[in-house]
Amino acid sequence: MRLVVFDVDGTLVDSQHFIVAAQGLAFAENGLPAPGRREALSVVGLSLPQAFRRLVGEDGPIAELSESYKQAYNRLRLDPAYEEPLFPGMADLLARLKARDDILIGLATGKSRRGVDRLVAHHGWTDWFVTTQSADDAPSKPDPAMLEQAMAEAGCTPDATIMVGDTTFDIAMGVAAGAASIGVAWGYHPPEALYEAGAATVVPSASALEARLLESAAARS
């Protein structure tokens, strides 16, 4: 069996407006100027403490910003002006992979466990994933623990595992865990950065990603 583990924000879900808005509210609540959009999105994929540590430094109000962000996020998700749409083709791709008998699918995300469960329920993905790893389950990416736990739960070895993500944190995690890493070009880090982090390839669309994954599965059969 081939295990394909997907990142969420920036890979499956376009959450950039949500994230930038929640960050802006969190910084304002703590009397700090909000980071620019590019800087805000540069930390997507990290757990909240790690993300804010990068944005304000070790001596900044990391715990306070993390808590403010959680509260802002929960308020914004009730506002119809803020949505987290799936990227084009990704829902159909997941459905087709789930239907195969030679591929298992999983999630590894910087979202909280609560956030992951909410996302899965919202899209009707209950029982689709053999493993779901969140920020509550392991150290932040790019530490390999999250992906290592995913492989253990799925019963798959690194050489049978592919990590799919849009940030250098996803790619570096896959490399550190000994798995192949595929980058997606529609997310929050540029393709050249993904290649530098160790991506085997960077795909431009869901259809190109599917072709690469099926090619990999066929090579193992």
Side-chain angles (χ1 to χ4, degrees), residues 1-19 41 44-45 83-111 115-134 141 146-147 150-151 153-156 158-175 177 179-191 193-195 197-221:
M1 298 289 285
R2 168 71 77 177
L3 172 65
V4 182
V5 179
F6 291 89
D7 167 59
V8 175
D9 294 311
T11 300
L12 296 179
V13 176
D14 188 1
S15 50
Q16 59 181 307
H17 303 303
F18 218 114
I19 291 169
L41 294 176
V44 174
E83 298 182 8
E84 293 183 293
L86 296 175
F87 284 104
M90 295 308 288
D92 290 339
L93 169 58
L94 289 179
R96 286 193 290 270
L97 293 180
K98 174 185 174 293
R100 296 182 65 91
D101 59 7
D102 57 347
I103 291 177
L104 303 171
I105 55 176
L107 298 177
T109 174
K111 286 182 177 295
V116 176
D117 291 344
R118 185 187 299 128
L119 176 83
V120 168
H122 175 72
H123 290 288
W125 291 341
T126 303
D127 299 328
W128 280 37
F129 303 102
V130 296
T131 179
T132 57
Q133 302 295 320
S134 75
K141 302 172 184 177
M146 196 181 293
L147 188 53
M151 293 187 292
E153 287 186 8
C156 288
D159 67 311
T161 301
I162 296 176
M163 179 67 208
V164 179
D166 72 299
T167 70
T168 57
F169 314 126
D170 301 314
I171 303 304
M173 178 177 68
V175 171
S181 294
I182 295 178
V184 300
W186 54 82
Y188 306 145
H189 287 186
L194 302 182
Y195 277 118
T201 189
V202 178
V203 295
S205 65
S207 59
L209 174 59
E210 183 172 12
R212 183 62 185 253
L213 294 175
L214 297 187
E215 175 185 311
S216 177
R220 287 189 57 83
S221 61

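Quick caveat, the model's predicted, so the values are computed rather than measured.
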- Task: Before giving the answer on salt bridge (charged side-chain N to carboxylate O under 4.0 Å, His left out), spell out for Arg2 and Asp102 the whole-Å C-alpha distance, their side-chain angles and the decisive distance to 0.1 Å.
- Result: CA-CA 6 Å; Arg2 168 71 77 177; Asp102 57 347; over 6 Å; no

- Message: So, using ring pair (Phe, Tyr, Trp, His ring centres under 6.0 Å) as the criterion, who are the partners of Tyr188 when residues are at least two apart?
- Response: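 For Tyr188, no residue satisfies ring pair (Phe, Tyr, Trp, His ring centres under 6.0 Å) once neighbours in sequence are set aside.
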
- Message: Applying ring pair (Phe, Tyr, Trp, His ring centres under 6.0 Å), can you list everything that pairs with Phe169, at least two apart in sequence or on another chain?
- Response: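 Phe169 satisfies ring pair (Phe, Tyr, Trp, His ring centres under 6.0 Å) with His189 once adjacent residues are dropped.
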
- Item | Parallel, tilted or perpendicular: rings of Trp125 and Phe129 (30°, 60°) |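 Aromatic pair Phe129/Trp125 classed perpendicular.
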
Examine distances only and state if a side-chain atom of [X] and a backbone atom of [Y] form a donor-acceptor pair shorter than 3.5 Å.
X      : Y      : result
Thr167 : Asp170 : yes
Ser181 : Ala199 : no
Lys98  : Leu93  : no
Trp186 : Thr11  : yes

- Derivation and outcome, side chain to side chain contact (heavy atoms under 4.5 Å, CB included), residues Asp7 and Val164: CA-CA 6 Å; Asp7 167 59; Val164 179; over 6 Å; no

Is there side-chain contact between [X] and [Y], with at least one heavy-atom pair below 4.5 Å?
X      : Y      : answer
Val202 : Val184 : no
Ile182 : Leu213 : yes
Ile103 : Leu214 : yes
Phe6   : Val13  : no

Non-hydrogen atoms of [X] and [Y] that approach each other most closely:
X      : Y      : answer
Leu41  : Gln16  : CD2-CB, 3.7 Å
Ala150 : Leu3   : O-CD2, 4.0 Å
Thr168 : Ala193 : CG2-O, 3.5 Å
Met173 : Ala108 : CE-CB, 4.2 Å
Val116 : Thr132 : CG1-CB, 4.2 Å
Arg212 : Thr201 : NH1-CG2, 3.2 Å

- Please assess Val5 against Met146 for the test side chain to side chain contact (heavy atoms under 4.5 Å, CB included), listing each intermediate value before the final yes or no. CA-CA 10 Å; Val5 179; Met146 196 181 293; over 6 Å; no

- Task: Show your working on side chain to side chain contact (heavy atoms under 4.5 Å, CB included) between Leu12 and Phe87 and close with a plain yes or no.
- Result: CA-CA 6 Å; Leu12 296 179; Phe87 284 104; 5.8 Å; no

- Query: How long is the gap from CE on Met90 to NE2 on His123, to the nearest 0.5 Å?
  - Reply: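 Nearest 0.5 Å value for the CE-NE2 distance: 11.5 Å.
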
- Pairwise distance OG1(Thr131) to CG(Leu107) - rounded to 0.5 angstrom: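 Spacing of OG1 (Thr131) from CG (Leu107) equals 8.5 Å.
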
- Query: Above 12 or not: heavy atoms from other molecules or residues under 6.0 Å from CG of Asp159?
  - Reply: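 More than 12 within 6.0 Å, yes.
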
- Item | Reference residue Leu97; test side chain to side chain contact (heavy atoms under 4.5 Å, CB included); the match among Asp92, Leu104, Ile105 |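 Testing each of Asp92, Leu104, Ile105 against Leu97, the sole residue satisfying side chain to side chain contact (heavy atoms under 4.5 Å, CB included) is Ile105.
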
- Query: Is the shortest distance from a Lys or Arg side-chain nitrogen in Glu84 or Arg118 to a carboxylate oxygen in the other one below 4.0 Å?
  - Reply: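 The answer is no: the pair does not qualify as a salt bridge.
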
- side chain to side chain contact (heavy atoms under 4.5 Å, CB included) assessment of Lys111 paired with Asp9: CA-CA 8 Å; Lys111 286 182 177 295; Asp9 294 311; 3.3 Å; yes

